Undergrad: 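Got a structure for you, written out below as structure tokens; questions coming shortly.
Bear in mind the structure is a predicted one, so any value in this text is a computation, not a measurement.
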Amino acid sequence: MDIISFVNLFTKKSTSFFKTAPYESVVYVMIEEIIYWSVVVMTENIHWRNRELRRHVAVIDGEEKPTIVLKNGIYLNTYTKQWLQANIWIFNDRIVYVGDELPENSSSIEVIDCDGLYLVPGYIEPHAHPFQLYNPELLAMHGAKFGTTTFINDNLMWNFLLDRKKAFTLLDNFNQLPVSMYWWARFDSQTALQHGDDYFSTNKVLSWLEHPSVIQGGELTAWPRLLNGDDRLLYWIQESNRLGKPVEGHLPGASEKTLTKMKLLGVAAEHEAMTGKEVIKRLQLGYQTGLRYSSIRPDLPVILEEMLAEGFETFDHVTLTTDGATPAFYENGIINSCIDIAIEKGVPLTEAYRMATHNAADHYGLLDELGCIAPGRIANINILEAKDNPHPISVLAKGEWILKDSQDRNIPPKIDWGKYEINPIDFDWDLSLGDMQFSVPIGLNMVNDVIIQPYAIKTDVTLDVIPDDTDDAFLMMIDRQGKWRVNTAIKGFTNRLGALASSYSTTGDLIFIGKSKQDMLLAWKRLKELGGGIVLVHEGKILFEMPLKLGGSMFDGSMAELMEQERHLKKLLQEFGYPFGDPVYSVLFLSATHLPYIRITQQGIMDVKKREVLFPATMR
């Protein structure tokens with residue numbers, strides 16, 4: 001019997017005794033918590049235990065052999081900002097030696113001659129949203145082939161898909177990947193939930209913060225609530241900082257006054273700057289500042305040009321992030337692409353690489369593990385053909401070859417999603433024409449991919465089909481359990497598409513957009529058969545389907561397949577009048593209340609600035 005099974009059995013047996021005692025519920029909860037955290041401690045992915053550490057030292061004494069030696073290479077020492085020649089010894093997943101020596105006996109050691117090559121630390125993505133159609137393992141293993149060997153990930157989706165114990169077991173499972181996986185603890189849902197405390201209570205937030213794989217609080221999209229006196233949020237921030245886990249803000253367009261207030265309240269980092277001056281202001285106020293290059297905000301080239309034009313030379317507290325780009329944006333990699341831009345724009349080489357490695361590790365207190373090539377660190381190393389070419393020809397992650405001599409090692413998936421009941425959705429309800437009653441006078445007008453303004457609906461939405469001479473369409477959000485719906489109209493998404501149905505959304509609820517109610521019903525029927533995904537229908541024909549078998553939100557296949565499907569989806573939507581650049585984000589952020597000005601949410605149509613529900617959800 002494994003430890004998890006034992007604890008589950010013990011919990012059932014022991015708590016039956018206490019059910020006869022006074023305060024039975026309190027005792028029961030205490031026992032569950034004590035036993036659960038005992039399991040967390042026992043299953044925590046401690047990198048090296050005492051016996052392993054002694055073996056690492058024995059390698060230096062010649063009593064053990066390294067598993068890999070990278071000899072004659074020139075590596076970047078991110079502490080001294082120098083390129084130095086050295087031999088690097090690796091024992092399993094750890095760098096044990098960096099210097100001039102070679103092992104006396106090299107038999108049975110994998111020796112790689114790196115003469116003429118350059119070695120840099122594995123790149124770090126400090127702000128990943130690993131649920132943008134891809135799943136976290138798919139994103140991580142794809143990124144690793146291009147040198148991004150550490151991901152610091154949003155945990156938002158786990159709050160909606162899993163109970164806490166399953167989520168924490170899954171986090172422990174991610175530690176078995178060759179890629180280093182760390183997580184955030186979200187403080188808010190970035191939307192208006194019907195039962196928010198079911199997901200974000202003090203008990204749940206603090207338990208996430210205490211998990212050893214969680215190294216950050218946030219990102220904090222509900223900062224207006226904090227400034228308006230939400231002391232529960234402030235308490236969570238204080239606890240995060242007490243645990244040594246910095247809090248990430250989300251402050252697009254924030255004034256100096258707002259940035260100062262947020263710093264006083266404990267926010268340590270920010271990544272929403274859109275100009276060089278905004279970056280410099282954040283740095284001057286003491287923020288760790290991320291420069292963004294994403295599918296929705298590819299600001300990095302302009303930001304760097306503006307920073308350098310201002311004579312900016314100090315990058316010690318600057319990092320690089322792609323902030324959850326959609327799949328096709330990652331065709332040529334992740335952080336390697338950001339470094340390439342930094343080098344092209346004239347950032348000094350050592351600073352460009354440090355922004356992608358050392359600086360992020362330092363911010364999160366991980367420099368003893370990551371972000372540099374030095375004794376004692378995890379063996380995450382990229383081998384380059386040239387100093388100014390950040391696209392590796394070989395990649396080591398935890399001492400395992402992900403890419404070797406430009407050949408993908410094709411490491412098979414390790415996460416068993418079914419074990420966590422992350423499966424296709426089993427819809428046990430149905431949708432009918434009676435659900436498609438549209439009478440709300442205010443709709444959502446798309447200004448760009450993600451900014452939405454309210455508008456007065458003038459089109460006759462009582463019709464079964466909205467004419468093609470307008471860019472109005474039906475918009476409906478339905479609870480994934482079928483308990484409620486919100487009906488309105490959307491302007492600017494399409495001028496003729498029959499229907500889009502999607503289980504991919506911020507909360508996993510269903511989104512329908514289209515001109516034809518019958519096409520919306522057909523899209524629903526196919527979506528139900530798939531168990532979740534994205535479906536396009538026009539004039540009674542299914543034009544496109546993307547199965548999202550993992551909880552209705554994530555793709556279960558190869559990254560290449562997903563990229564091709566996303567491109568096809570984007571092309572079709574543009575042919576049907578979608579005028580912007582990123583339809584995936586448009587669908588995702590329809591309910592995102594951290595963006596202006598109006599949203600469709602579980603509670604109903606919401607005025608974001610006033611935090612008022614204009615028209616509530618309808619119970620079915």
Side-chain angles (χ1 to χ4, degrees), residues 45-124 144 147-150 175-180 350 353-354 356-358 361-362 366-387 390 392-407 409 411:
N45 184 27
I46 300 172
H47 289 298
W48 308 287
R49 302 185 184 277
N50 287 357
R51 183 173 61 180
E52 294 172 294
L53 295 174
R54 295 296 182 189
R55 293 186 71 189
H56 299 166
V57 172
V59 174
I60 306 305
D61 291 334
E63 298 167 3
E64 292 260 14
K65 293 182 179 180
T67 51
I68 298 175
V69 171
L70 307 175
K71 70 175 186 178
N72 301 325
I74 296 175
Y75 82 100
L76 175 60
N77 187 306
T78 56
Y79 276 86
T80 65
K81 302 185 181 181
Q82 294 175 295
W83 295 91
L84 304 171
Q85 186 163 17
N87 302 312
I88 299 168
W89 303 7
I90 296 165
F91 185 78
N92 295 332
D93 60 351
R94 195 182 195 196
I95 300 170
V96 296
Y97 175 81
V98 180
D100 297 331
E101 301 297 322
L102 287 169
E104 291 184 4
N105 182 356
S106 62
S107 63
S108 76
I109 301 173
E110 183 179 8
V111 179
I112 306 297
D113 191 349
C114 297
D115 184 35
L117 300 175
Y118 300 86
L119 286 67
V120 296
Y123 308 142
I124 299 173
T148 303
T149 55
T150 299
N175 288 333
Q176 308 311 311
L177 298 179
V179 177
S180 300
T350 56
Y353 285 109
R354 275 174 53 99
T357 57
H358 188 110
D362 190 23
L366 295 174
L367 262 181
D368 285 339
E369 300 177 21
L370 298 164
C372 57
I373 296 175
R377 276 52 175 197
I378 297 171
N380 293 348
I381 298 174
N382 294 332
I383 301 176
L384 314 176
E385 289 185 306
K387 289 181 185 179
I393 58 170
S394 296
V395 176
L396 278 170
K398 295 182 182 174
E400 182 176 350
W401 292 108
I402 304 295
L403 184 75
K404 190 175 182 184
D405 298 327
S406 301
Q407 297 298 310
R409 305 292 279 193
I411 297 172

Undergrad: Hey, are the side chains of I402 and I411 touching, using non-hydrogen atoms and a 4.5 Å cut-off?
TA: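 With C-beta onward as the side chain, the pair touches.
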Undergrad: If you compare all heavy atoms of T78 against all heavy atoms of P121, which two are closest, and at what distance to 0.1 Å?
TA: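 Residues T78 and P121, closest heavy atoms: CG2-CG, 4.0 Å.
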Undergrad: Step by step, would you call K65 with S107 a side-chain hydrogen bond (donor to acceptor under 3.5 Å, both in side chains)?
TA: CA-CA 9 Å; K65 293 182 179 180; S107 63; 2.8 Å; yes
Undergrad: Could I get the full list of salt bridge (Lys or Arg N to Asp or Glu O under 4.0 Å) partners for E64, not counting sequence neighbours?
TA: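 Expected list: R55.
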Undergrad: Using every non-hydrogen atom in the two residues, find where R377 and Y79 come nearest and quote the distance to one decimal.
TA: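 For R377 versus Y79, the nearest heavy atoms are NH2-OH, 3.1 Å.
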Undergrad: Sequence neighbours left out, what pairs pass salt bridge (Lys or Arg N to Asp or Glu O under 4.0 Å) with at least one residue falling in residues 69-98?
TA: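 Of all non-adjacent pairs touching residues 69-98, those that pass salt bridge (Lys or Arg N to Asp or Glu O under 4.0 Å) are K81-D316, K81-E351.
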Undergrad: For the residue pair N380 and A397, what are the closest heavy atoms and their distance?
TA: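 Looks like OD1-CA, 3.3 Å.
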Undergrad: Is any side-chain heavy atom of P66 closer than 4.5 Å to a side-chain heavy atom of I90?
TA: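 No; the side chains remain at least 4.5 Å from each other.
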Undergrad: Relative to each other, are the rings of W83 and Y118 parallel, tilted or perpendicular (30° and 60° limits)?
TA: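 Taking Y118 first and then W83, their aromatic rings stand perpendicular (interplane angle over 60°).
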Undergrad: Could you tell me whether the side chain of T357 and the main chain of Y123 form a donor-acceptor pair under 3.5 Å?
TA: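 Between the backbone of Y123 and the side chain of T357 there is no qualifying donor-acceptor contact (under 3.5 Å).
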Undergrad: Given I373, which partner from the list L70, N382, I88, N77 fulfils the side chain to side chain contact (heavy atoms under 4.5 Å, CB included) test?
TA: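 Running side chain to side chain contact (heavy atoms under 4.5 Å, CB included) over L70, N382, I88, N77 with I373 returns exactly one hit, I88.
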Undergrad: Just checking D61: does its CG atom have more than 12 heavy atoms from other residues, nucleotides or ligands closer to it than 6.0 angstrom?
TA: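 Atom CG in D61 is packed in, count exceeds 12.
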Undergrad: Grab the two heavy atoms, one from L119 and one from G73, that are nearest each other, plus how far apart they are.
TA: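 So the minimum-distance heavy-atom pair works out to CD1-CA, 4.1 Å.
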Undergrad: To the closest 0.5 Å, what do you measure between CD1 (I381) and CG (L76)?
TA: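 The CD1 atom of I381 sits 12.0 Å away from the CG atom of L76.
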Undergrad: Heavy atoms, side chains only, cut-off 4.5 Å: are I68 and I109 in contact?
TA: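 No, side chains not in contact.
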Undergrad: Suppose we screen for salt bridge (Lys or Arg N to Asp or Glu O under 4.0 Å). Which residues come up paired with E110, at least two apart in sequence or across chains?
TA: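 With sequence neighbours excluded, E110 shows a salt bridge (Lys or Arg N to Asp or Glu O under 4.0 Å) to K404, given in chain and number order.
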Undergrad: Going by side chain to side chain contact (heavy atoms under 4.5 Å, CB included), L117 matches just one of L384, I74, I393. Which one?
TA: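 So the option named by the test is I393.
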